[in-house]
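Below is one structure, written out as structure tokens; the observations come after it.
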Amino acid sequence: MAIERYNAPEREKHWQGVWDGKDVFRTATDPSRPKCYVLEMFPYPSGRIHMGHVRNYTMGDVLARFKRAQGFNVLHPMGWDAFGMPAENAAMERKTHPKKWTYENIAAMKTQLKSMGLSLDWSREVATCDPSYYVHQQRLFLDMYAKDLAYRRKAKVNWDPVDQTVLANEQVIDGRGWRSGALVEQRELAQWAFRITAYSQDLLDALKTLEKWPEKVRLMQENWIGRSEGLMVRWKLVPETVPSGETELEIFTTRPDTLFGASFMAIAPDHPLARAAAAKNKALADFCDECRRMGTSVADLEKAEKRGFDTGIKAVHPFDPSWQLPVYVANFILMDYGTGAIFGCPGHDQRDIEFAKNMQLPIIPVVAPKEEPRRAQAIAKVHEGVAYLDEGEMINSRFLDGLSPEAAFDEVARRLEKEVLAGKPVAERKVNFRLRDWGISRQRYWGCPIPVIHCGTCGTVPVPADQLPVMLPDDATFDVPGNPLDRHPTWKHVDCPKCRQKAVRETDTMDTFVDSSWYFARFTAPDAKTPVDKTAIDYWMPVDQYIGGIEHAILHLLYSRFFYRAMGETGHAGGKNLREPFAALFTQGMVVHETYKSEAGAWLLPTEISLEGEGAERRATELATGKPAIIGSIEKMSKSKKNLVDPDDIIAHYGADCARWFMLSDSPPERDVIWTEAGVAGAGRFMQRVWRVIDDVLEKAAPKGAKQPDVLGDEAMAVRRAAHKALDQVGKNIEGLRFNVAVAQLYELSNTMSAMLSKSGPGLDWALREAAEIFVQMLGPMMPHLGEECWTRLGYNTLLVEQPWPKADPALLVDDTVVVAVQVNGKRRDELTVSRSATKDEVEKAALALDSIVKALEGRAPKRVIVVPQRIVNVVV
RNA sequence: GCGGACGUGGUGGAAUGGUAGACACACGAGACUUAAAAUCUCGAGAUGGCAACAUCGUGCGGGUUCGAGUCCCGCCGUCCGCACCA
């Protein structure tokens, strides 16, 4: 008799209620048990979850449930990255308060996440906008300030004119704000920064230890930190050419070996020497202004010619007092790298050679290939304007001639370290980093207040610990741009904690990336009176598996690595004082979807069109007008392109298990998955199929707890082998996050059980029950609700989620007989079924006796026969 | 420009150097049905052949190996990251 369809939406609510009622996902710190901390990047509470969240959290949930079944004490928490601009924008647009907007969004999204059936410990929920969270962040800030890891500086900053705030270097992409897309301006402001550069070397070195991080992310961070080894060289200036008091110019170079190829010096328009010279030279001042106005976008840089302005200043070559070089202000020199000054060696630097050509400066090749004709070719190329960057030997370089560039580097360093200028060595070896300190001041309301007070007498005064948190005032106004804290009538006016005189609060708030730089630590003891609890953090950290999007490869992941070190420095990282917060990282791919446009070119939602046909014949029709619509490219799901599918709709229609299953199947988790209606429908069909197969199996299967029969026939053994092999493989594949492969194995086992229903044999009923139970337990992490439903149907009144992971019987993982392919000269000709224990000789004999092989040999005698036991025989003639 | 990844049927994708295409989607044929949906069974890389089978086949060209999707070298293509970093 046919059973009813499985009503996923209804049953899922039921099981979620059961889990909630028994509080099965609550986790306690318990050092007597092995732990596993599974974490997915927490969401920004935008108001709705999207398919990217569904994918991310499903992956984490499968792993968490699997680890739980394996006996680990699993920490799997969730929270909210709740400060940020959108809340303030909403406040401006809709006359609501950021706090109200945020908490309403959190409530809505929490309901959505709950409908996914995630095994989360909601008792550990944190929201970064809550004073109970940010009070600790302020504490951490003050401790970092005390250790000089946080400091205030006057600096040129990236100013986003649309968001009216400062951006960190990491948040400027192609010269535009990462959120607003507005062209970033340079402004000089006093602002707070974290001394991330204090850890440059350590952050770089430790990347090597992060073996369970994607190579790609480690490389991106390595490039971002950007270490280079070189020499700081101080050049004497010719006094009568210098308009101000400077007597020397310090430059950084990674190629001191090419010192004899120097033909000019170049300094940044903002270099002190340039400013001094510009003060007395109107034309130079104009040139510097022009450089500053120049855009920094990719397009601008490509167009920009290398140009310079001769300051008239002369520098003296460190190896030759009679050799004077002109000092230029040049538009391609960056003030914030090295010393903002270089020596130009046109022969071996592409920028320098372009500059030299434009400014008609000499070009002297000093490195060239050892042999002709390659040497002559390289030199000719240099004179055509192509810098020579490869290996070779030194030429035109006096005492360096004939040396390799590496040896020349050392020789120059050795000599210049001994030379003295104004009482100090002329040069010293120096390691330079591209990484800049992290500017964290934001001129916004909806962020963590920076807990300091500015006093006219005492200067910068930390807010005393007992006065924390510095709370955000609720009565702020959002009707005009700018910082609501700054224009608040009373909030910033306080008395100085030291001298009791009138003072003002810092009105900047922290970059929201600070909030997300330590939430993983807070999860280990979310109610602790201190930022973290030592016992809890020692037990739980590091995160054993972190899962999130590749877009955080640098920003969030680098900041967190720094912050965890800073927490260690300030005594907030527990007794083990680990430096790395995330032992393993997995970056999942995006959820992408086709895009649709109306004839008029407006984006259309998938629900606003209908599709028919297939392949090249596929046609879309706009439902509202009945007119043809255009099927566009496959893109990341986004509001702007309207190619969104609402998880709520899918869950309400097909069920959470179906959405989860679809997310896990098909695409490998690190690649993009294309959301298709057909794919989801397929997942839905599988869900129903499981329901039927389990029902059918139960009709044939032995009762629950039946004793294993003494005799098991071939059919029973085949079922057992299939089940245990799947068990072995699925476990390994979940562990390795190869969910798509694990899914395929579950399909296979369900097909096998299905096929066996029509068979009979000794003990098959018992084997089928065993297989069904194993199958349901493996299904559990992926389709947890259906898993519970089937578990009950199998006759149990326990919860599947509380069952230990079954163990595969090693004896069942290998077959008695194996199929061995037989090749002739590497070409497959036949196959052979032999006993597993057959010797090489036996296999070889049997292979050579095969009719097809005899035929393929055409009477030739085998020269060699390679037998790989249980795999392959290759007959070579 | 620098760095990296990837390239397998109609599609998504499997494959410790050892039978390429598991599994799924889409497709085709059949069964059930008044019919449809749902479900079930079967088929399927390409070419040739009624068939057994043969030949070709993992972007292209070489190489290593008894054996290469997998390793090495050189191209081509796609995607990603960084970028006037001295």
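In what follows, chains are A, B, ... by sequence order, proteins preceding strands, each numbered from 1.
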Check this for me: does any side-chain nitrogen of one of [X] and [Y] sit under 4.0 Å from a carboxylate oxygen of the other?
{"X": "A/Arg227", "Y": "A/Glu229", "value": "yes"}
{"X": "A/Arg721", "Y": "A/Asp815", "value": "yes"}
{"X": "A/Glu831", "Y": "A/Arg828", "value": "yes"}

Whole-Å gap separating [atom2] ([N]) and [atom1] ([X]):
{"X": "A/Trp224", "N": "B/G4", "atom1": "CH2", "atom2": "C1'", "value": "17 Å"}
{"X": "A/Met335", "N": "B/A86", "atom1": "CE", "atom2": "P", "value": "16 Å"}
{"X": "A/Arg671", "N": "B/U78", "atom1": "CZ", "atom2": "P", "value": "18 Å"}
{"X": "A/Arg434", "N": "B/G81", "atom1": "CZ", "atom2": "C1'", "value": "11 Å"}
{"X": "A/Gln823", "N": "B/A68", "atom1": "CD", "atom2": "C1'", "value": "11 Å"}
{"X": "A/Arg738", "N": "B/U16", "atom1": "CZ", "atom2": "P", "value": "9 Å"}
{"X": "A/Trp691", "N": "B/C40", "atom1": "CH2", "atom2": "C1'", "value": "20 Å"}
{"X": "A/Lys827", "N": "B/G57", "atom1": "NZ", "atom2": "P", "value": "8 Å"}

Handout entry: Option from A/Phe343, A/Phe260, A/Phe264 for which ring pair (Phe, Tyr, Trp, His ring centres under 6.0 Å) with A/His317 holds
Key =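 The option that passes is A/Phe260.
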Ignoring the backbone of [X], work out which of [options] is nearest its side chain.
{"X": "A/Leu219", "options": "B/C23, B/G4, B/A86", "result": "B/G4"}
{"X": "A/Leu334", "options": "B/G13, B/C85, B/C40", "result": "B/C85"}
{"X": "A/Arg689", "options": "B/A14, B/C40, B/G18", "result": "B/C40"}
{"X": "A/Asn874", "options": "B/U19, B/G67, B/C85", "result": "B/G67"}
{"X": "A/Val741", "options": "B/C23, B/A15, B/G13", "result": "B/A15"}
{"X": "A/Val819", "options": "B/A22, B/U39, B/U19", "result": "B/U19"}

Could you check which nucleotide pairs with [N] in any of the strands shown, counting Watson-Crick or G-U wobble with both distances under 3.5 Å?
{"N": "B/G67", "result": "none"}
{"N": "B/U39", "result": "B/A31"}
{"N": "B/G12", "result": "B/C23"}
{"N": "B/C6", "result": "B/G77"}
{"N": "B/A51", "result": "none"}

Handout entry: Check: B/C66 base within 3.5 Å donor-acceptor of A/Lys863 side chain
Key = no
Handout entry: Polar pair under 3.5 Å, donor/acceptor by atom type, side chain A/Arg829, base B/U19
Key =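 Side chain to base: no pair present.
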Practice task
Kindly indicate whether a cation-pi arrangement holds for A/Arg434 with A/Trp224, taking the cut-offs as under 6.0 Å to the six-membered ring centre and within 45° of the axis.
Solution key: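 Because its charged atom sits under 6.0 Å from the ring centre and within 45° of the axis, A/Arg434 does stack over A/Trp224.
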Just call it for [X]: base, sugar-phosphate, or nothing, with non-hydrogen atoms closer than 4.0 Å on any strand.
{"X": "A/Asp352", "value": "nothing"}
{"X": "A/Glu748", "value": "sugar-phosphate"}
{"X": "A/Ile333", "value": "base"}
{"X": "A/Val868", "value": "base"}

Completion exercise
Taking for A/Ala755 and for A/Arg828 the nucleotide of RNA chain B with the nearest heavy atom, the one nearer the 5' end belongs to A/Arg828
Exercise for the section: Would you mind telling me which residue lines up with the more 5' stretch of RNA chain B, A/Tyr747 or A/Asn223, judged by nearest nucleotide? Expected result: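 Its nearest nucleotide being more 5', the pick is A/Asn223.
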Problem - Check: A/Asp728 side chain, A/Ala808 main-chain N or O, donor-acceptor pair, under 3.5 Å - result: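 Side chain of A/Asp728 to backbone of A/Ala808, a donor-acceptor pair under 3.5 Å: no, none is there.
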